[in-house]
Amino acid sequence: MTSVEKRFPGRLPIRDGKVDMSHGSGGRASAQLIEELFLRHLDNDLLRRGDDSAQFGVPAGRMVMSTDCHVISPLFFPGGDIGALAVHGTLNDVAMSGATPLYLAAGFILEEGFPLADLERIVAGMAAAATAAGVPVVTGDTKVVEKGKGDGVFITTTGIGMVPPGVEIAGDRARPGDAILVSGTIGDHGVAIMSSRENLEFDTTITSDSAALHTLVAQVLGAAPDIHCLRDPTRGGLATTLNELARQSRVGMRIRESGIPVRGAVKSACELLGLDPLYVANEGKLVCICPAPQAAAALAAMRAHPLGGEAAVIGEVVEDPHHFVQMETTFGGQRIVDWLAGEQLPRIC
Amino acid sequence: MTSVEKRFPGRLPIRDGKVDMSHGSGGRASAQLIEELFLRHLDNDLLRRGDDSAQFGVPAGRMVMSTDCHVISPLFFPGGDIGALAVHGTLNDVAMSGATPLYLAAGFILEEGFPLADLERIVAGMAAAATAAGVPVVTGDTKVVEKGKGDGVFITTTGIGMVPPGVEIAGDRARPGDAILVSGTIGDHGVAIMSSRENLEFDTTITSDSAALHTLVAQVLGAAPDIHCLRDPTRGGLATTLNELARQSRVGMRIRESGIPVRGAVKSACELLGLDPLYVANEGKLVCICPAPQAAAALAAMRAHPLGGEAAVIGEVVEDPHHFVQMETTFGGQRIVDWLAGEQLPRIC
Amino acid sequence: MKYIEEFREQGLARNIAANIAAEVDPGREYRLMEFCGGHTHAIFRYGVQDLMPGNVGFIHGPGCPVCVLPMARIDLAIRLLREENVILCIYADLLRVPASGRQSLMKVKAEGADVRMVYSTQDALKIARENPGREVVFFAIGFETTTPPTAVAIRQARAENLGNFSVFCNHVLTPAAMTGLLDAPRAAGEEPVQIDGFLGPSHVSSIIGSRPYEFVPERYGKPVVIAGFEPLDVMQATLMLIRQLNEGRCEVENEYTRVVSREGNRKACDLVEQVFEVREQFEWRGLGHIAHSALRIRPEYADLDAERRFAALADADALIAADNKACECPSILRGAKKPVDCKLFGNGCTPETPMGSCMVSSEGACAAYWSYGRFRQDAQAASA
Amino acid sequence: MKYIEEFREQGLARNIAANIAAEVDPGREYRLMEFCGGHTHAIFRYGVQDLMPGNVGFIHGPGCPVCVLPMARIDLAIRLLREENVILCIYADLLRVPASGRQSLMKVKAEGADVRMVYSTQDALKIARENPGREVVFFAIGFETTTPPTAVAIRQARAENLGNFSVFCNHVLTPAAMTGLLDAPRAAGEEPVQIDGFLGPSHVSSIIGSRPYEFVPERYGKPVVIAGFEPLDVMQATLMLIRQLNEGRCEVENEYTRVVSREGNRKACDLVEQVFEVREQFEWRGLGHIAHSALRIRPEYADLDAERRFAALADADALIAADNKACECPSILRGAKKPVDCKLFGNGCTPETPMGSCMVSSEGACAAYWSYGRFRQDAQAASA
Amino acid sequence: MCLAIPGEILSIDSDADTAVVAVGEVSKSVSLALVGEVAVGDYVLVHVGYALERLDPAEAEKTLALFAEMGGQAEAAP
Amino acid sequence: MCLAIPGEILSIDSDADTAVVAVGEVSKSVSLALVGEVAVGDYVLVHVGYALERLDPAEAEKTLALFAEMGGQAEAAP
Ligand code: SF4
Ligand code: SF4
Ligand SMILES: [Mg+2]
Ligand SMILES: [Mg+2]
Ligand SMILES: [Mg+2]
Ligand SMILES: [Mg+2]
Ligand SMILES: [Mg+2]
Ligand SMILES: [Mg+2]
Ligand SMILES: [Mg+2]
Ligand SMILES: [Mg+2]
Ligand SMILES: [Mg+2]
Ligand SMILES: [Mg+2]
């Protein structure tokens, strides 16, 4: 039966329009926003159905599920935007279990007054990241909060994936003697974000490392199937991730500062602001802990991947009832690499 | 090996403390918040592992996934809170495909300054709802935004579930001749929320209908396996849901106002505020569309369930190139029940 | 709900409909204007038209304060927000009313203007008390029904010495609008609208009584029946008008006797009288400038009058804003056209994207027609 | 990075360490106070202590402006936020400093106070320009290094006529602190702290030069070597102190000649002189009230002085806040105790939950000890 | 225009000049500033948080009786 | 205290009295209000957005040379 329904009275004013409360009301304005902005970019068979959930077939096996809220400022930064980041952040958490990511869900909380043009850039960024990763956004939700009760856009993504048989990766599996690897330079994302913050503005060529790591993980698992831990050192940086893993596995760690890859520009920016690259966020790097005999194979596999060219072995797991992460400094001394206290903020002293 | 590590220097000050930026930093303050507040209430084997994802076995079959952002005000209302609502809202979207929900993920966006005591009430509410529904929260994330960039708490939940073989439910399956049922009284949630909003305050015995509907769905599917559509009439109310389904299925609908169950107090509150119960939100009701011959069985199954005692057949699907939802009024006239324009707000005229 | 549900009872509706059907003269048309949006709403919401004989037609009048508010007044409120950084308290009905340049209070709010929705003038006072460092302006709209609560708030602010509160007054007077309406076609050089009689204001009359309409039969020769807003009230008043017309009577009758007296509410009228005075003239959307058709705040309360207080409103009277040319609201408000006669109806103009004020208020003729009546139009088109 | 990485080079460190090892007199102790938190940080961050012979020990001095700021000054800032509703601009270092009643600027910010973190005084001026309707106060802290940028901002505000900007001045003077430190034990009736010599301020001296420390060898008979903040600077200066002590010399030497002269930066000092004057006395955490140890804004700039501008700060000088009694910060800042001597260290007091200011700044002795040195304590405990 | 609704006075607070009014199964506090003497049990018309005017029950009965007058009864039968 | 870092002047804006200073691979605009004459290529110590003082390259060389003096060389060999 042909439809004579006129769906929407006019086109969504993406060029100069703003998000208003009606876009979150669940009524026709919501439907139009979804159809003319979200669906246009993220389009796929499952999302297009327009049901309140997505439906797909899964094989029997071990599934992983992960969720992350993205609340960054600024929303656009050198090397990415919150849309792409929301895809990478969650895909990586799924991948850190060794899983192949399958599908993503995305929830948007929009602040009244947010420019539709910016929203479109963000959704386009998300779509490009999802397409590049081969993992579609199959279901979503959009809410609008009053001006002053949000901050432009918050995006919560949830991902699911399947773990290949035989893979057993968890934060509590680090064992004394294991090797500790990172997949590349640390601190790039955090420095890129800070370089574009108002008041801090400095010039640098650093761009965020925001990237989806699941193909890197697959390649490493192919070469070194008995990996014990994988984790992406996001908020709180490498230092926090190592402390988390040490605590979960009830071990200590010893790393060598000289072995940790840090870009010159990241070092420079950290000197300027009084920060420590060990605590600066990454969005396209992983920490890998594996039995020492597999370290070389894992390292080679990482280096063979476009996202792992600067991978390095940075230390080893040790027994330690304090679960300390200790570091041999480039200077030859020893220090503790503790949890981050509070936020990393530019200091005067 | 015994651990001598002292995890946290003191206990989280839940009674009189407030959320601050360090709780979102990913450092030890974040870890303490998760351990002493979130984990204490939501505890289960998968969540306790503390990895960035949860891992579990799934059978082969059809899976559904759904996500919802919850941004309500007030956070506590007669009959519930945002924590319980975030569980019900997403479980219901999963259940509306006919699926048995399996697991939930929860992302919290907290505003700096939010009382930890309130957060605990909310997490307890979420835990109670998840336990009652038999669906655990297995993974999560917490971020903190600066004061004035959030609104207390936003919660995004994502749920997955498995669809039993043979069940085919989707928004585009309504066919002319199908019967339209609702599982109970409409408008309870929205009126309960409004009754506790500052400036509107009125007294009523109405409490939110917030509830998980998956057992009701299972019971109805047992009695009437060929259900075409299920949807929970949340934001925008029954009117919006019927319009959505009419549009998706490219049909029209005819309903009878006299057949729609509405509590007296909801009618009263709507008269007082100039609202229409058809557009007021529900959080524990569903619309069911099924072939007319199965309507009686579906209705009986609903009425036999504690959440469906006031279920009713309210109309039927018709051919209509305009996809109009038309209603025969209690007065004997005909009217269109259109999409909601903007928000439902108390009016003076 | 007592005094509500009895007045919506289907059996009684059929009875009144039968009475009307029995009494109408099949040889003539009955063109009745329901003055108020409340009537319009009841007619569409309950499908009253369906119960009427074919020769009884309703013409939707200008009795909706949102619909008749000229665009310039919204423009002024936006100016107040932008230039004076005030907290503007509004009834939610105003939020989506179109202003010049595709603006609305909703849009400027989305851009950061501090617009607060209130349910009552008491809420506006509360906001003023809670924000001593900010100027709080109440955007007062409404007919005689809604004016007394504004008067109470102004007197209360004075008594409390609430120095940061003021009122942007847009209260208008219904009897003057009836004059404007009956004179307008002549003034505009149009064909006079054929109106055989009026369903008179319901809640307005609870305040001012029925006496102020007596000039309508006297001067213009049109009968008036004050009618409640429940569907049975509308039907019974329709019957009463038909009877007047059939019997050749022409007077003000009162169907809504349970609330409306000839004298009205003296206490409320006195309060209004103390605080407000009649403006020389005021613009009504669709009806143009009508003499003595609106209220302003008396000089004794000048400090509470936003028009005197803020530079942004200094030339308030002079500001003219041009409505969308294709919008037929003016003719519709005069009863000269129907919503479907407007090219924009459903074609750019819908309740989500209103281009004229008649599409905003759920009591506006266009919105009522859109939300409740469209299928009739299509049915007609289909059968044509 | 030129002039940075060369001064952290491991080979050179081993060389200096060898020189020290070769030159120390094994028959004596060398108790050297590094005055600045910058030195403390370098010692812990790079593990300099590991490269020292057992009889060379560092005593951590009070040279961290966050650590020596008395709690009352944070209490005053909180009062300013709560009572005067100002925008308070701070360097992020201040955010977590404990105030009375378990408060901190971070906590009052979480409760809604408008605290903005700035990187530079220029950012504070910008905030004042962008918020003409609000009072914007810059919470100025720091030693002589950080004072000139505040002076620039005050002069700029005056030149721009920025009427809503003011400064809450907490700038302090390092030479006075050295006096206080050397006099304090006597004043407190304690055993005098055994200090054999000082690593003198680095960046402070870039402004004031090395001359202001000459009273230390002259009056107190302790050698001073001005030392840069890179680890090799600290080591070389340590060697220079050891040599003075071995040779019986007692003078001010300068290791940091690439930046520090005897005279300092005249232009910066003149600017400071124009805007500030010396206070009669000022409280230092740990050192008590020290005469002529801090700056206040000159009367010529009274309008830009938050202490004169806001009633909430009227009794600023009189306010005394009692530190947590168990906190050993005072003794640690005087070099009389080590962080591990404090019962609260790691036992309620950590960088996440600081109970004293020495745990807040990453240059504070307790924080440095916690973040970089704890394993040593445990190693010692294990071997004991 | 002028959404107003009849409600029954449940209680009166003379000091505040307000009353709690029941509209069906909900109740709300409204201002009495615009009406003269009212008593518990009276019905008043409520608009934007104010009682506008008393409702006269006897007149309401009369009006309902008018609706029921069966002038056109022949055609009204179902 | 007093986090300050040497950077090289890349360019000078005399009107604004600011300079763009490179610290390793990043650069930032800083105020020159506190220093006298400076030239492109000079190194200055940067603190809270201000150039505090010039750095003397010759003195830096001398200091590095001091570090390298091999008084205790016997024990320093690995
Ligand atoms: S449909 Fe819209 S544009 Fe046309 S008359 Fe009505 S309000 Fe005006
Ligand atoms: S450990 Fe904490 S309480 Fe103890 S001296 Fe240090 S800062 Fe004070
Ligand atoms: Mg995650
Ligand atoms: Mg993540
Ligand atoms: Mg992760
Ligand atoms: Mg949803
Ligand atoms: Mg904001
Ligand atoms: Mg959903
Ligand atoms: Mg939902
Ligand atoms: Mg749903
Ligand atoms: Mg996470
Ligand atoms: Mg808020």
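Chain identifiers are assigned alphabetically (A, B, ...) following the order of the sequence lines, protein sequences preceding nucleic acid strands; residue numbering begins at 1 within each chain. Fair warning: this is a prediction, and the values are worked out from it, not measured in the lab.
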Top contributor to chain E interface from B/G264, B/A269, B/S195, B/G274 [non-hydrogen pairs under 4.5 Å]: B/G264

Atom group of E/V48 that falls short of 4.5 Å from chain B, counting heavy atoms: side chain

Under 4.5 Å from a heavy atom of chain E, the part of B/I206 involved: neither

Which atom of B/A265 lies closest to which atom of E/V26, heavy atoms considered: O-CG1, 3.4 Å

Inter-chain contacts: residues 176-185 of chain B against chain E, heavy atoms under 4.5 Å: none

Side chains of E/K28 and B/D203 in contact at under 4.5 Å (non-hydrogen atoms): no

Mind listing the side-chain donor-acceptor pairs of residues 34-45 of chain E below 3.5 Å, one per line with the distance, residues two or more places apart or on another chain?
from  : atom 1 : to    : atom 2 : distance (Å)
E/D42 : OD2    : E/A39 : N      : 2.9
E/Y43 : OH     : E/E8  : OE1    : 3.3

Heavy-atom pair of closest approach, residues E/L3 and B/E271: CD2-O, 4.1 Å

Which residues share a salt bridge (charged side-chain N to carboxylate O under 4.0 Å, His left out) with B/R256, sequence neighbours left out: B/E316

side-chain contact (heavy atoms from CB on, under 4.5 Å) partners of B/D81, counting only residues at least two apart: B/F76, B/A84

Nearest non-hydrogen partners of B/S268 and E/G24, listed with the distance: OG-CA, 3.3 Å

